[in-house]
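Note sheet for the following structure.
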Amino acid sequence: MAKSAVAIQNYIHLNDDDCESRIAEAKRVLGSELVILGHHYQREEVFRFADYSGDSLKLSRQAAASKAKYIVFCGVHFMAEVADILSRPEQMAILPDLAAGCSMADMADLVKVERAWRELGEILDMEQVTPVTYINSAANLKAFCGRHGGIVCTSSNAQAVLKWAFARREKVLFFPDQHLGRNTAYGMGIPLEEMVVWNFNRPNGGLMPDQIRSARIILWQGHCSVHQMFQPEHIDRFLERYPDARIISHPENSFEVCQKSHYVGSTEYIIKTIQESASNTRWLVGTELNLVNRLHERFKGEGKSIHFMSPMVCMCSTMFRTDPQHLAWVLENLVSGQIVNQIKVPEKEVELARLALDRMLEVSI
Ligand code: SF4
């Protein structure tokens with residue numbers, strides 16, 4: 001009789017130390033068949049087992065280039081989808097906890113985006129609108145962009161992607177993160193008056209036809225609940241205390257926070273900028289807590305002082321769901337030949353989503 005998968009209930013009461021040794025042993029047994037990817041925002045107890053760490057796109061590309069058959073993505077759902085889309089046919093992507101989603105990605109779904117596209121089509125010539133989706137979105141939205149001549153972007157290449165889009169068509173529909181869209185477009189010289197926010201819960205996005213006609217970029221009203229916790233007052237108070245401090249923020253932060261920051265960029269950019277800074281510099285960092293704590297540990301020996309921007313704990317609760325218990329569970333099932341929590345994007349979406357991702361990769365090379 002075929003062996004069945006062991007249930008997660010057998011793992012949830014294990015303590016972290018037990019999980020640690022079981023994960024290490026499963027990794028040893030699986031060897032080069034396995035690659036574990038750890039996003040920057042993962043908790044330390046999981047992050048330490050990552051073969052590769054970084055942002056979601058970089059990790060998926062590294063996994064696809066590896067010999068591994070099993071890609072275990074310690075991240076959130078859309079990341080495992082991207083890993084599956086970019087993987088070779090013999091590889092499979094696995095997400096340790098299926099409840100690890102992204103609240104920002106969930107703010108745009110295909111039904112709402114298609115409705116917006118239809119409603120905009122009653123006012124605009126849609127041959128002149130490029131849909132641009134942040135990589136933090138479902139695979140079917142990436143496929144939507146592939147189908148409509150659109151493209152994917154990351155926080156590292158958003159500006160290059162928007163330049164590409166505006167070189168081809170007059171307007172952009174940008175989803176799901178309004179802040180990344182606004183901060184990037186403003187940095188390219190597009191004034192705020194040429195941007196409108198599409199409220200996806202209201203007919204015509206809550207906008208008048210003239211507002212839509214005169215906008216260059218239509219921003220979906222989505223946001224990251226972690227980054228919206230950072231406020232400009234946090235920066236003001238810190239600079240009163242430490243006038244020489246440097247402020248660095250992720251572009252998912254509000255416009256006001258980004259305007260008050262000395263540096264704005266992706267997680268990879270934040271890491272690189274702090275790494276290359278002089279010793280004894282002091283930094284206030286506006287991004288997720290696990291990454292900031294890791295930077296603090298990594299650079300304290302160089303005399304760099306790294307502070308978290310908010311007095312509140314701003315941790316990504318969905319990233320936090322991936323715990324050592326779930327990691328041990330998926331790995332030990334793999335050892336016994338059972339696949340649990342595979343993420344498989346439907347074939348018809350893979351092709352179109354890949355098209356939108358390939359356009360982005362060409363732009364950002
Ligand atoms: S930090 Fe924000 S954007 Fe990133 S996964 Fe969490 S909710 Fe999504």
Side-chain angles (χ1 to χ4, degrees), residues 37-44 46-47 50 53-60 72-84 93 95-109 132-142 152-158 161 174-184 200 219-231 234 248-255 257-258 261 264-271 285-295 308-310 312-323 326 343:
L37 308 178
H39 188 271
H40 288 304
Y41 296 170
Q42 287 293 301
R43 52 162 93 183
E44 192 51 40
V46 166
F47 191 81
S53 62
D55 64 28
S56 54
L57 180 65
K58 175 178 143 189
L59 289 175
S60 295
V72 173
F73 209 134
C74 298
V76 293
H77 194 269
F78 77 83
M79 298 179 184
E81 284 187 331
V82 173
D84 182 54
L95 185 69
D97 187 341
L98 293 181
C102 164
S103 56
M104 175 209 283
D106 292 345
M107 287 177 196
D109 62 35
V132 177
T133 188
Y134 190 17
I135 197 160
N136 296 33
S137 59
N140 58 11
L141 291 182
K142 295 181 178 81
V152 179
C153 77
T154 68
S155 50
S156 306
N157 60 25
V161 165
F174 190 97
F175 45 88
D177 184 24
Q178 60 172 302
H179 300 295
L180 177 64
R182 184 181 294 108
N183 290 320
T184 308
F200 48 82
L219 303 166
W220 197 259
Q221 198 174 37
H223 63 264
C224 165
S225 39
V226 177
H227 288 90
Q228 78 164 9
M229 306 280 278
F230 303 114
Q231 301 295 327
H234 299 149
I248 191 162
S249 298
H250 194 280
E252 286 172 21
N253 277 297
S254 70
F255 180 72
V257 165
C258 289
S261 300
V264 177
S266 65
T267 47
E268 297 286 332
Y269 170 85
I270 291 173
I271 295 166
V285 186
T287 196
E288 205 266 353
L289 183 61
N290 279 304
L291 172 64
V292 180
N293 284 343
R294 211 168 284 126
L295 289 172
F308 185 57
M309 191 176 282
S310 170
M312 321 272 286
V313 174
C314 307
M315 206 180 261
C316 179
S317 56
T318 46
M319 284 277 187
F320 193 72
R321 292 193 71 99
T322 305
D323 55 19
H326 281 82
I343 301 298

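A quick note: this is a predicted structure, and the numbers were derived from the prediction, not measured. As the structure lists them, so they are numbered: ligands from 1, and atoms in each ligand from 1. Reckoned from all heavy atoms, side chains included, excluding hydrogens, waters and symmetry mates.
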Practice task
Answer side chain, backbone, both or neither: which part of Glu252 comes under 4.0 Å from ligand 1, heavy atoms only.
Solution key: side chain
Practice task
Using a 4.0 Å heavy-atom cut-off, say whether Asn136 meets ligand 1 through its side chain, its backbone, both or neither.
Solution key: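 For Asn136, only side-chain atoms sit under 4.0 Å from ligand 1.
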Completion exercise
Of Thr267, Val226, Thr318, the one forming a side chain to side chain contact (heavy atoms under 4.5 Å, CB included) with Tyr41 is Thr267
Closest protein heavy atom to [atom], given as residue, atom name and distance to 0.1 Å:
| atom | answer |
| --- | --- |
| atom 8 (Fe) of ligand 1 | Cys102 SG, 2.3 Å |
| atom 4 (Fe) of ligand 1 | Tyr41 CE1, 3.9 Å |
| atom 6 (Fe) of ligand 1 | Cys316 SG, 2.3 Å |
| atom 7 (S) of ligand 1 | Ser103 OG, 3.5 Å |

Problem - Pair Phe308 and Phe230, ring centroids less than 6.0 Å apart - result: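 Ring centres of Phe230 and Phe308 closer than 6.0 Å.
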Exercise for the section: Indicate the atoms forming the closest heavy-atom contact of Phe320 with Arg43, along with that distance. Expected result: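 Smallest heavy-atom distance, with atoms named: O-NH2, 2.8 Å.
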Exercise for the section: Would you please name every residue forming a side chain to side chain contact (heavy atoms under 4.5 Å, CB included) with Pro251, sequence neighbours left out? Expected result: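 Side chain to side chain contact (heavy atoms under 4.5 Å, CB included) check on Pro251 returns Ser155, Leu180, Val264.
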Exercise for the section: Could you pull out all residues at least two apart from Arg182 that satisfy side chain to side chain contact (heavy atoms under 4.5 Å, CB included)? Expected result: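 For Arg182 the side chain to side chain contact (heavy atoms under 4.5 Å, CB included) partners, ignoring immediate neighbours, are Gln178, His179, Leu192, Met195, Val197, Leu219, Phe255.
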Practice task
Using atom types as modelled and distance alone, determine if a side-chain donor or acceptor of Asn253 lies under 3.5 Å from a backbone N or O of His250.
Solution key: yes
Practice task
Flag Cys224 as yes if one of its N/O/S atoms falls below 2.8 Å of atom 6 (Fe) of ligand 1, otherwise no.
Solution key: no
